[in-house]
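Below, chain A is the first sequence line, B the second, and so on; all start at residue 1.
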Protein chains: 2
Amino acid sequence: MTTTSGERYAEIIDTAIKLFRKKNYHGTSMQDIAEEVGIYRGSIYHYINSKEEMLYHIVKRPVLKGFESLKKIQEEDLPPIQKLRRAIEYHVRHYSMEHRAELAIMLEDTKHLSEKYQKLIREELKKYERTFLSIIKEGIQKGDIKELDPKIVTFAILGMTNWMYRWYAVDGILSANEVADIFIDMILNGLLVE
Amino acid sequence: MTTTSGERYAEIIDTAIKLFRKKNYHGTSMQDIAEEVGIYRGSIYHYINSKEEMLYHIVKRPVLKGFESLKKIQEEDLPPIQKLRRAIEYHVRHYSMEHRAELAIMLEDTKHLSEKYQKLIREELKKYERTFLSIIKEGIQKGDIKELDPKIVTFAILGMTNWMYRWYAVDGILSANEVADIFIDMILNGLLVE
DNA sequence: CTTTCTCCAACAATCGTTTGGTACGCCATT
DNA sequence: AATGGCGTACCAAACGATTGTTGGAGAAAG
């Protein structure tokens, strides 16, 4: 049987996250992971059942957590614009900072999961997307947000925020919160000097 | 020696684009490509020198063309806002429509190229980015665009447009130009009513 | 003494690439 | 018109290396 807790398990998962991030799922071998941890590649199977399951578990957690947290924001009693503000701030913090690597892996390697696992992940992401969408729709309905296609608006916002994993350097000049503030200003007020 | 023209070559490259897009570089074997084309996998080497070179050539063309075209837009005698408008329209058309698959491959698989090839691609992308940046800076300087960090603004725009390859369906309700128009409206005027 | 952990060898399958051979069609010379 | 040579296009087999995974043996830990 396999153990799914303990120090070694965490070490293996952390190494997998690091390597999947750098070389993708198919570009990383069990050998690569084992070497980095300092054990034989067969020994990894004491802790996990398969490489695929490993990928699934890495991606699953932040995705579940993400939806849960966003839902709470959506359910708060706040004006839609404030909700949107909070949602963007959370998204940036959660996906571009805390779970930056997992986001990258999710975006690039979910497609390599078997259909069963893939479906579970994609459903969760759809729920996340729909929650974002509902905030935008609420804003339009209440007359706070312009009547632009809410789906496109959602994709635009998720696009600019998700993109951060490709360029944002943790040791850069701006903090993630500062970036989020600029994004929010841009999204709400636009670039034009009126 | 290898031939780099002719019908078969094009067929092989097109198949590679299709499969790399669907299963990534490391998830696609020469066998996969050969099977789809209907030849032996060894036969592919009559047309190319290596799998890596193949990836490089697939990614190279749209990236070179992209910079060239954007540069022309930047050099036109137009107000910055008009340039920005055109740049976004071009970007969406070029990368999200005409070379959608190559963009996806470029974004996800450039990291698997050898350092030599990787550097060439990344340099070209930097040039593209800097050209976009210079349009924003020009707009700020002339007082047409708000004084937000121009780098962040550039990344925000490139993020929302590049993201399209993940959600935009060619057979959807909106044309790519219509999406671009919504993006531009959003970027220039923001979402806030009033 | 049992459970947890790891080594080590082996597995069938597949990887990218090389090689030698062989059809086939085009062109120039007989 | 027949001949010989040449380059293109592809087959088919083999190369060594590596893939994810399994299982048995034994060390370490409690």
Using a 4.0 Å cut-off on protein heavy atoms (strictly under), produce a 5'-to-3' string for nucleotides 6-15 of chain C with B for base contact, S for backbone-only sugar-phosphate contact, and - for none. BBB-B----B
Watson-Crick or G-U stems of DNA chain D, 3 or more pairs, under 3.5 Å, by first number: C:1-10 with D:21-30, C:12-15 with D:16-19, C:17-30 with D:1-14
Where along residues 107-114 of chain A does a heavy atom come under 4.0 Å from DNA chain C, residue by residue in number order? none
Output all residues satisfying salt bridge (Lys or Arg N to Asp or Glu O under 4.0 Å) with B/Lys60, sequence neighbours left out; order by chain, then residue number. none
Check whether the ring centres of A/Tyr25 and A/Phe20 lie less than 6.0 Å apart, and answer yes or no. yes
Would you please name every residue forming a salt bridge (Lys or Arg N to Asp or Glu O under 4.0 Å) with B/Glu11, sequence neighbours left out? B/Arg8
Please set out all donor-acceptor pairs under 3.5 angstrom arising from side-chain atoms of residues 64-75 of chain B, sequence neighbours excluded.
{"unit_1": "B/Ser69", "atom_1": "OG", "unit_2": "B/Lys65", "atom_2": "O", "d": "3.0"}
{"unit_1": "B/Ser69", "atom_1": "OG", "unit_2": "B/Tyr90", "atom_2": "OH", "d": "3.1"}
{"unit_1": "B/Gln74", "atom_1": "NE2", "unit_2": "B/Ser134", "atom_2": "OG", "d": "3.0"}

Looking at residues at least two apart in the chain, or sitting in another chain, which of them share a side chain to side chain contact (heavy atoms under 4.5 Å, CB included) with A/Arg61? none
Strictly by salt bridge (Lys or Arg N to Asp or Glu O under 4.0 Å), give each pair with a member in residues 86-97 of chain B just once, sequence neighbours left out. B/Glu76-B/Arg86
Is there a continuous path of hydrophobic side-chain contacts, each under 4.5 Å between heavy atoms, that joins A/Leu188 to B/Val193? no
Sorted by first residue and then second, give each ring-ring contact (aromatic ring centres under 6.0 Å, His included) pair with at least one member in residues 97-153 of chain A; sequence neighbours left out. A/His26-A/His112, A/Tyr56-A/Tyr117, A/His91-A/Tyr128, A/His94-A/His99, A/Tyr95-A/Tyr128
Pairs involving residues 169-191 of chain B, ordered by first then second residue, that meet ring-ring contact (aromatic ring centres under 6.0 Å, His included) (sequence neighbours left out): none
Contacts of B/Glu123 that satisfy side chain to side chain contact (heavy atoms under 4.5 Å, CB included) - sequence neighbours left out: B/Lys119
Enumerate the protein-to-nucleotides 25-30 of chain D contacts in which both atoms are nitrogen or oxygen and the separation is below 3.5 Å.
none

If I take atom CD1 in residue A/Ile48 and atom C1' in nucleotide D/dT21, what distance separates them, rounded to the nearest angstrom? 10 Å
All heavy atoms of A/Thr15 vs all of A/Ile33, minimum pair found to be CG2-O, 3.9 Å
